Amino acid sequence: MNSLNSSQRKIIETINGPILVLAGAGSGKTRVITHRIVHMIQNIGISPSNILALTFTKKAAKEMKNRISDMMMNQTDFDQITLGTFHSIFSNILREESHWLGFKSNYTIYDHKDSENVIKQILQDLNLDRSLNYKEIKRKISEYKNNLYGLFYKKKLINQKVEESITKIYKFYTKRCFQANALDFDDILLHTNYLFFYFPNVLKKYQKKFKYILIDEYQDTNLSQNTVIKNLVSQHKNLFVVGDDAQSIYGFRGAHLSNILNFHLDYKNAKIFRLEQNYRSTNYIVQASNNIISFNKNQILKKIWTNNEEGEKIKIYCASSEEKEAQYIACSILSIKRKTNLQFENFAILYRAKIQSHIIEYSLKKKNIPYHIYGSISFENRKEIRDFLAYLRVIVNPDDEESLLRILKKRNQKTVKNILSLSKKKGITVYNIIQNIEDYKSLLRINNKTKNKFISLIFTIEKLRVNAEQDNAYVIAKNVINFLTKKNYYNYKNEDFQSILDYVFQYVKKQKELKNHGDTSLFGFLQCFYLEIHEDINHHKENKVSLMTIHLSKGLEFSIVFIAGLEENLFPSKSSLSTSFKIEEERRLFYVALTRAQKKAVLTYAKHRFIWGKKKENTPSRFIHEMNRNFIDIENHHKDILEKKKIHSLNHFHHVNHNKNYENSKYLKMKKGIKVFHKNFGLGIIVELQNQNQIALIKFQQSGEKRIFLKLDKLVIYS
DNA sequence: AAAGGGCGGCTTTTT
DNA sequence: GCCGCCCTTT
Ligand SMILES: Nc1ncnc2c1ncn2[C@@H]1O[C@H](COP(=O)(O)OP(=O)(O)OP(=O)(O)O)[C@@H](O)[C@H]1O
């Protein structure tokens, strides 16, 4: 506990009442929240079971869990703390309390794809215009739910017609999910809201249990989440939240800064603390990120400062293609590692979009650099994995129509279509129809062979289902695999198959090791699969370079951080260019990325990038232009790396940097009164430098006064 | 009824 | 360049 400064200490020692810690990057928010939990348990004597600690991402939850367990050395029953993501915690509560809301506790969690499929079907059923894009509708429904439209709030209709049809689809969607006994991610919080709103006794129970609530990254709460919390703390008001408006990056999930801005209105007598000393990064990094965030109009002003060393300037590297960008990163890692005593685990490569990971992975592999990709796309989206999970899901919940249809579609598409329409006409579940397929034989116009196929399938599932009551998840999973292998539906000797089975095995093993009551049930496994972080079983993460999206990197820190793909249309993302609101969120994302670095940040971008199989030319990101030139160092030839080894691929680095004049630091000499020559405007004289020396006000002989962005490098000193 | 080719949309980010 | 969907072929 002696590793806190006086303001941090004061914060952790304030136990009761509503508290907001509004603090900058690297100022010790997570440190404060974890220390506070330990302090509450060890010094104040609060029972761990009365503490609820919430995060938004699975990764942040795991990080916090690790930090607390390290600090408590496992001495107390710290696993009694309720700690996890909003979704994971409230999904557990819903499992207990589902009966109040009229659904069954064995509910299925629909992921993104499941929801989209449901929407696609609804569009088909309603014969609606295909131009209504299902992804857009999914987003809208999500928006409705996250903002609790219909529950406590009415939505202002902007485009009446569109909104009306979406409301209609929303209704059907809700009905389908209910019939399938399924919840999507947003439902987990929405239903918790229903639960607390309509059943005050249930709310009371949880108010009593969770006497102290702590939330990390509060800037990312949406209304639905915030309302759950408001209800939970309405009696005792012991709510402790930490956040940084400059790091709000989940707007697309309905996160709203108003939660942080109105904290003092929501909670009278709220204490608000600020932390502005950065303990993480070098002064160059702190200054550069302060400068970047200053381009945002919407922000709460903070003065982040540090006592740390000056450090190195932020490196910027321009590659000719994304492949060379990746090679550069790989080479740099090796070169920095050689020169310092850093380990691979001290390096991170961050990117805007997951897709960028492939090419980087490839070049790391080539150089034998160990790496770990967090949140990799492949696993849960693999066809075989989804097929397999569909069986598990139906075994747990036969009403899960998405999964059942997925299984059936592999067999007899036409009959399945008929069954589906019959199910809708008669209002009987698909599972029920197949169970009693003998009765519907004539209606469906199927022969005995087809009929028997369905009977044998349902027979198998039923058998597995009956056993599922006693068997643990692994036993069932193995049975499913045996069945599938026997039937030869898939070539299940493949790796996907082994790895998911291994995953189930690890889950069951871990549960069995728990002191109290491990949950080895299949439901428990599925809930873990959808809501908890996927532990890499066979691969250790130790001493590996970390690859992840910037979103996932929030809350983490690394000595050396590479930020790849700083190009317009990629970062900022193409879909964010339309409004300044969205651009500001992209800028905050860039701010998050920069502030992950302790010692050194390297920004890279590629002039050309393959997108949809076509080579596209991109201009450098506006964020590169926004970097204050006093804090950056543009690298072109990379002599130090090139000279070391004669690796053939290194020859690639002989290309010319997009902007040699940076290195010549010609315009570092730009001063008031100097004569300059501009590419387009000709001869002029610098009147003054503005915006931290990034813009020069120049009086041109021909075209009068103009403000010139120095980084665009259209200027030459005229002498 | 299955398999395979052509075509269009897609890649923003997470639970 | 890849995936899902639809249409055609066998
Ligand atoms: N008082 C302190 N003395 C020494 N080191 C500290 C102190 N407070 C925080 N740190 C260190 O500073 C770093 C950043 O802390 P932490 O991760 O808690 O910050 P944060 O505010 O959560 O950052 P961010 O919001 O950027 O994720 C950590 O390495 C932490 O150990």
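The model shown is predicted, which means the values in this text are computed figures rather than measured ones. Reminder, nothing fancy here: chain letters follow the sequence lines and each chain counts from 1.
Computed from coordinates, the A:K138 NZ to B:dT14 C1' distance equals 11 Å when rounded to whole Å. For A:D387 and C:dG4, the CG to C1' distance is 14 Å, given to the nearest whole Å. Taking atom CZ of residue A:F581 and atom C1' of nucleotide B:dT13, one finds them 14 Å apart after rounding to whole Å. As rounded to whole Å, 14 Å separates atom P of B:dT13 from atom CD of A:E585. The interatomic distance linking A:L570 (CG) with B:dT13 (C1') rounds to 12 Å, in whole Å. Put simply, OH on A:Y107 is 16 Å from P on B:dT15, counting in whole angstrom units. Rounded to a whole Å, the OH atom of A:Y250 is 9 Å from the C1' atom of B:dT15. Straight-line distance from the NZ atom of A:K113 to the C1' atom of C:dC5: 13 Å, rounded to whole Å.
Between A:F196 and A:H191, the distance separating the two ring centers is not shorter than 6.0 angstrom. Note: A:Y371 and A:F347 fail the aromatic proximity criterion, with ring centroids not under 6.0 Å apart. Under the 6.0 Å cut-off for aromatic ring centres, A:F185 and A:Y110 do not qualify, their centroids lying 6.0 Å or more apart. Between A:H625 and A:F623, the distance separating the two ring centers is not shorter than 6.0 angstrom. A distance of 6.0 Å or more separates the ring centres of A:F523 and A:F525.
Under the Watson-Crick or G-U wobble criterion, with both distances below 3.5 Å, B:dT13 is left unpaired in every strand shown.
Minimum atom distance to the side chain of A:H87 is reached by B:dT15, of the listed B:dT14, B:dT15, B:dT13. With C:dG4, B:dT15, B:dT14 as the choices, the nucleotide that has an atom nearest any side-chain atom of A:K120 turns out to be C:dG4.
By the 4.0 Å N-to-carboxylate-O rule, A:D244 lies too far from A:R588 to be salt-bridged with it. Taking the charged nitrogens against the carboxylate oxygens, A:R67 and A:E63 do have a contact shorter than 4.0 Å, which makes a salt bridge.
Between A:K354 and B:dT14 there is a side-chain N or O to OP1 or OP2 distance below 4.0 Å. Taking only side-chain nitrogens and oxygens, A:T85 never comes nearer than 4.0 Å to OP1 or OP2 of B:dT14.
Across all strands shown, A:I249 has no heavy atoms under 4.0 Å from either base or sugar-phosphate atoms. At a threshold of 4.0 angstrom between heavy atoms, the contacts of A:F571 with the nucleic acid are absent. Within 4.0 Å (heavy atoms only), A:K58 reaches sugar-phosphate atoms of the nucleic acid but no base atom. Base engagement by A:S575 is indicated by at least one non-hydrogen atom pair under 4.0 Å involving a base atom.
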Filtered N/O pairs between nucleotides 8-10 of chain B and protein, under 3.5 Å:
residue	atom	partner	partner atom	Å
B:dC10	OP1	A:N133	ND2	3.2
B:dC10	N3	A:W612	NE1	3.4

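A:Y374 carries A:K59 over the face of its six-membered ring, with the cationic atom under 6.0 Å from the centre and within 45° of the normal.
When the nearest nucleotides of DNA chain B are assigned to A:F56 and A:E586 by heavy-atom distance, the more 5′-ward of the two goes with A:E586.
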